[in-house]
Protein chains: 2
Amino acid sequence: MPNNEHDLDNVFQALADPTRRAVLARLTEGPATVSDLAKPFEMALPSFLQHLKVLEESGLVTSKKEGRVRTCEAQMKTLTEAEEWIAHQRAVWEGRLDRLDAYLRSLQSTEKE
Amino acid sequence: MPNNEHDLDNVFQALADPTRRAVLARLTEGPATVSDLAKPFEMALPSFLQHLKVLEESGLVTSKKEGRVRTCEAQMKTLTEAEEWIAHQRAVWEGRLDRLDAYLRSLQSTEKE
DNA sequence: TTCATTGTTAGGCATATACCTAACTAATCA
DNA sequence: TGATTAGTTAGGTATATGCCTAACAATGAA
């Protein structure tokens, strides 16, 4: 049962890098192997693997190894946790605007009396 | 006009820390001064100011100083950029599921033929 | 069984991050 | 004017991050 503060740290941290966002974007189109994922990037493979590790540790990606090939998959559930944190902030914000709006409307009604 | 990769780096980076998320959550309820924002945290003020700086540089927070008091405000527009990146990934993912679903349905129709 | 492919581990380096204390400026209050 | 409040700047430390090369499995193909 995730969605604690520590998880969010790792999820947002994982998203804070263009390489990792690109990998995740690729994986939302479907699973892929490590070397397929690495291909578009110019960095050395061990460097790339570190990015994958960050993604896995955040829960945004899982992988399993068959033979010598590791296949990675996006975990949308984890991405959703991040999205929900943001959505909650928006809800609070909009609640505030609603109250402001209600206040302004209450002023108008008062004027009409 | 923003929403380039570099901006997203900074936004997600800013969100990847519990102190900064707490500050932002506080600010979605309305503006607050630096020392009000700092009060709940045990860290030294200069440390806290660094977090504020990260939030400002990401565009998630703006501030203005009047007299000796600096007042901070959340910028939901910036938060929305992060939300939209995630939403886009979800759309791709769900598109994939839709196609899978369509494929499965096409198989069923084939079976019926 | 030898070779190529696919990934992994170890270790090093430069910069960034997250914290601190000390000392400072600028505005307001008594 | 002198003290207090609000914030800032400077500079130091420890750890984390993002990259690298070199060397090492382990699997699969010839």
Side-chain angles (χ1 to χ4, degrees), chain A residues 4-27 30-74 82, chain B residues 4-27 30-74 82:
Chain A
N4 58 49
E5 283 297 298
H6 178 258
D7 284 331
L8 276 182
D9 284 9
N10 292 328
V11 172
F12 283 126
Q13 182 65 48
L15 294 176
D17 177 279
T19 297
R20 293 193 291 259
R21 283 199 305 281
V23 168
L24 195 56
R26 165 64 188 78
L27 288 176
T33 67
V34 168
S35 40
D36 278 355
L37 289 173
K39 228 166 264 168
F41 303 99
E42 283 179 0
M43 70 184 65
L45 192 56
S47 309
F48 181 78
L49 281 180
Q50 230 170 310
H51 285 297
L52 268 189
K53 193 181 162 205
V54 171
L55 284 167
E56 289 216 39
E57 286 177 352
S58 74
L60 286 167
V61 167
T62 55
S63 73
K64 58 171 188 277
K65 198 168 178 179
E66 283 166 278
R68 63 187 169 183
V69 176
R70 179 174 296 281
T71 302
C72 301
E73 193 173 350
Chain B
N4 58 49
E5 284 296 297
H6 179 257
D7 285 331
L8 276 182
D9 284 7
N10 292 329
V11 173
F12 283 126
Q13 182 66 47
L15 294 175
D17 177 279
T19 297
R20 293 192 293 258
R21 283 198 305 281
V23 168
L24 194 57
R26 165 65 190 78
L27 288 177
T33 68
V34 167
S35 40
D36 279 353
L37 289 173
K39 229 165 263 169
F41 303 98
E42 284 178 0
M43 68 185 67
L45 192 56
S47 309
F48 181 78
L49 281 181
Q50 231 170 303
H51 286 297
L52 268 190
K53 194 182 163 205
V54 170
L55 284 167
E56 289 216 39
E57 286 176 352
S58 75
L60 285 166
V61 167
T62 55
S63 73
K64 57 171 189 277
K65 198 165 176 178
E66 283 166 278
R68 63 186 170 182
V69 176
R70 179 174 295 281
T71 302
C72 302
E73 192 173 350

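The sequence lines fix the lettering, A, B, ..., with proteins before strands; numbering per chain opens at 1.
- Rounded to whole Å, the distance from NZ on K39(A) to C1' on dT5(C) is 12 Å.
- The phosphate of dG18(D) (OP1 or OP2) has no side-chain N or O of T19(A) nearer than 4.0 angstrom.
- Relative to the side chain of A44(B), the nucleotides dT8(C), dT21(C), dA6(D) differ in distance, and dT21(C) lies closest.
- L52(A) is listed as a side-chain neighbour of L49(A), based on a closest heavy-atom distance under 4.5 Å.
- Computed from coordinates, the K64(A) NZ to dT6(C) P distance equals 18 Å when rounded to whole Å.
- Nearer to the 5' terminus of DNA chain C, by closest-nucleotide assignment, is the contact made by Q50(A) (compared with the other of Q50(A) and K65(B)).
- Within the 4.0 Å cut-off from OP1 or OP2 of dA18(C), not a single side-chain nitrogen or oxygen of S47(B) is found.
- Here R68(A) does not reach the OP1 or OP2 of dT8(C): none of its side-chain N or O atoms lies under 4.0 Å away.
- Of the candidates dA18(C), dT9(C), dA22(C), the closest approach to any side-chain atom of L49(A) belongs to dT9(C).
- Closest to the side chain of R70(B), from the set dG7(C), dT8(D), dC20(C), is dT8(D).
- Heavy-atom nearest nucleotides on DNA chain D were determined for T71(B) and for F48(A), and the one closer to the 5' end corresponds to T71(B).
- Listed pair H51(A) / dC19(D) meets the phosphate criterion, a side-chain N or O lying under 4.0 Å from OP1 or OP2.
- One can place CG of D9(B) at 15 Å from P of dT17(D), the figure rounded to the nearest angstrom.
- Rounded to a whole Å, the CG atom of L55(A) is 13 Å from the P atom of dT17(D).
- Side chain of P46(A), nearest nucleotide from dG7(C), dC20(C), dT9(C): dT9(C).
- Residues F41(B) and H51(B) form no side-chain contact, since every pair of their non-hydrogen atoms from C-beta on lies 4.5 Å or further apart.
- We find that CG of L52(B) is positioned 15 Å from P of dA6(D), with the value rounded to whole Å.
- When the nearest nucleotides of DNA chain C are assigned to Q13(A) and L45(A) by heavy-atom distance, the more 5′-ward of the two goes with L45(A).
- Look at CG on N10(A): it is 13 Å from C1' on dA16(D), rounded to the nearest Å.
- You'll find the side chain of L24(A) reaches within 4.5 Å of the side chain of L15(A), heavy atoms only.
- If you measure from atom CD of E56(B) to atom C1' of dG7(D), you get 13 Å, rounded to the nearest angstrom.
- If you take CD of E57(B) and C1' of dA16(C), they are 13 Å apart, rounded to a whole angstrom.
- At dT5(C), none of the side-chain N or O atoms of S35(A) fall inside 4.0 Å of OP1 or OP2 (strictly under the cut-off).
- Counting only heavy atoms from C-beta outward, the side chains of R26(B) and L37(B) approach each other to under 4.5 Å.
- Side-chain atoms of R20(B) come within 3.5 Å of backbone atoms of Q13(B) as a donor-acceptor pair (strictly under, hydrogens ignored).
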